[in-house]
Amino acid sequence: MSATRSQELFARACNVIPGGVNSPVRACRNVHCDPLFIASAQGAHLLTADGRNMIDFVGSWGPMLLGHAYPEVTLAVREAALRGTSYGAPCEDEVRLAEEVCAALPSVEMVRMVNSGTEATMSALRLARGVTGRDKVIKFIGGYHGHGDAFLASAGSGLATFSIPGTPGVPESTVRDTLLAPYNDLDSVRALFENNPGQVAALFVEPVAGNMGLLLPQPGFLQGLRDLCTLHGALLIFDEVITGFRLSYAGAQGRFDIMPDLTTFGKIIGGGLPVGAYGGRAAFMERIAPQGDVYQAGTLSGNPLAMAAGLATLSVLRHSDYSALERRVDAFVAELESILRGKGVPVQIPHIASMFTVYFTDAPLRDFSCVQAANTDLFESFYKQMREKNIFLAPSAFEANMVSFAHSDEDFEAALDAARSVCF
Ligand code: KE4
């Protein structure tokens, strides 16, 4: 059988790009598949280089909450491009997007735009260390906060997918200040603070974990983190790169009514263009150069096209019915869980708002060790069969699937029909 266009492109890509992809998880190695190359996307659908029309539950790993090529977003980017692609000087849309983010989240009084979630978390950590004069940082095993050195100690997402324990290239001295606790384990966090008195600058948490697959915070967990950080003088930093503007228009912090000291953003606030941001109380943010002495910079930060895409996206989301979408996802997940359980396999599908992950296990899902115990062979079989039926799921058991406002009832039904035909 002749090679598909995707296979031809992947073979060429592997000659000039490490692993043939520009981000590891896209390589689909965890499910022993080759990646599908995408030619275009519209709404909840992807068109592959071979002309396959697939229903997309990855959503570019989060940005595409409105769906692909949303008209207002595409028009805004097109019009911005006609005004030039980068100025190296401030523009009005940077102010407008910053004002919109601050208006949406009571904990954010000031915000700095950067170009990725990784830049946002790296910068937020530097700020926390600058503000507190402390070096240590607490994160959760399986939590992923981008590929900044300090966070690559038992990280989730791509690293968990490849089971890479830490990674070469990160000096031991760097991760020595990174303290690890199991997600949902307040006692471990309390012990870390007590064993490192006055040394912890910040605690980073994904308020809903999206990089171990989706794991929900147990009742009281987030408030417990808030209380411990306050007690020990550390900054509570919510990494809302995924959950920001997805769990609600006020993110996870709005949904769970917790006020972090700093928040990191990405994905949705760029509408698919490269944007990250970090923000919080003015007293902290004013320490960032040039107003303060904590340095952070970026040639393309606040890029006019990215700002236009983010503004257009948020202007629609501000009036979108998140609850209605959540009710549709709840119904879809309940039916999917019933279909798969009917095939005699252990399955759980934790979900919240427009995110879900399919775990093949009956064990309680509390932290990364629980996720690691799930059956990845069943996951791989499920993934491959769904992909054959043109359902594009996240190619890893350590990722969350993302639903958009563009997913129709027909899209949900097609995914359920595909699941009904799955054999284990
Ligand atoms: P980026 O540097 O990839 O824009 O953001 C890093 C990041 C930070 N914090 C959280 C909670 C994140 O989820 C991410 C990135 N998410 C992964 C997938 N879950 C991006 C996909 C990829 O690495 O290709």
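We number each residue from 1, following the sequence as shown. Since the model is a prediction, treat every value here as computed from it, not as a measurement.
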Undergrad: Please report the interatomic distance CD1(Ile288) to CG(Leu127), rounded to the nearest 0.5 Å.
TA: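 Those atoms lie 4.5 Å apart.
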Undergrad: Kindly list each side-chain donor-acceptor pair under 3.5 angstrom involving residues 60-84, sequence neighbours excluded, with atom names and distances?
TA:
from  : atom 1 : to    : atom 2 : distance (Å)
His68 : NE2    : Asp56 : OD2    : 2.6
Thr74 : OG1    : Tyr70 : O      : 3.2

Undergrad: Write out all pairs satisfying side chain to side chain donor-acceptor pair (under 3.5 Å) with one or both partners inside residues 193-202, taking only residues at least two apart or from two chains.
TA: none
Undergrad: Could you tell me which residues satisfy ring-ring contact (aromatic ring centres under 6.0 Å, His included) with Phe221, sequence neighbours excluded, listed by chain and number?
TA: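 ring-ring contact (aromatic ring centres under 6.0 Å, His included) check on Phe221 returns Phe140, Tyr183.
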Undergrad: May I ask you to decide whether Arg255 forms a salt bridge with Glu326, counting only side-chain N to carboxylate O separations under 4.0 Å?
TA: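 A salt bridge is present here (some side-chain N lies under 4.0 Å from a carboxylate O).
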Undergrad: Give every residue pair that meets the salt bridge (charged side-chain N to carboxylate O under 4.0 Å, His left out) criterion with at least one member in residues 168-183, sequence neighbours excluded.
TA: Lys136-Asp177
Undergrad: Salt bridge check: are Lys139 and Asp239 linked by an N-O gap of less than 4.0 Å?
TA: no
Undergrad: Quick one: ring-ring contact (aromatic ring centres under 6.0 Å, His included) partners of Tyr359, sequence neighbours excluded?
TA: none
Undergrad: Please report, to 0.1 Å, the donor-acceptor pairs under 3.5 Å made by any side chain of residues 304-317, with sequence neighbours excluded.
TA:
from   : atom 1 : to     : atom 2 : distance (Å)
Thr313 : OG1    : Ala309 : O      : 2.8
Ser315 : OG     : Leu311 : O      : 3.3
Ser315 : OG     : Ala312 : O      : 2.7

Undergrad: Can you run down the salt bridge (charged side-chain N to carboxylate O under 4.0 Å, His left out) pairs that involve residues 216-238, sequence neighbours left out, and say none if there aren't any?
TA: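 Residue pairs with at least one partner in residues 216-238: Arg226-Asp261.
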Undergrad: Could you point out which residue of Leu152, Thr167, Thr121, Val170 forms a side-chain contact (heavy atoms from CB on, under 4.5 Å) with His147?
TA: Leu152
Undergrad: Is it true that Asp330 and Arg327 make a salt bridge, defined as a side-chain N closer than 4.0 Å to a carboxylate O?
TA: no
Undergrad: Keeping to residues at least two apart or across chains, list the salt bridge (charged side-chain N to carboxylate O under 4.0 Å, His left out) pairs with something in residues 46-55.
TA: none
Undergrad: Of all residues at least two apart in sequence or in a different chain, which pass the ring-ring contact (aromatic ring centres under 6.0 Å, His included) check with Phe360?
TA: Phe382, Phe424
Undergrad: Under the ring-ring contact (aromatic ring centres under 6.0 Å, His included) rule, collect the residues that match up with Phe256, sequence neighbours excluded.
TA: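 With neighbours one apart ignored, the set is empty.
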Undergrad: Sequence neighbours left out, what pairs pass side chain to side chain donor-acceptor pair (under 3.5 Å) with at least one residue falling in residues 268-295?
TA: Tyr278-Gln296, Arg287-Asp293
Undergrad: Kindly determine whether Asn211 and Glu206 satisfy side-chain hydrogen bond (donor to acceptor under 3.5 Å, both in side chains), including the steps that lead there.
TA: CA-CA 9 Å; Asn211 290 287; Glu206 294 176 63; 2.9 Å; yes
Undergrad: For residues 303-319, which residue pairs qualify under salt bridge (charged side-chain N to carboxylate O under 4.0 Å, His left out), counting only residues two or more places apart or in two chains?
TA: Glu100-Arg318
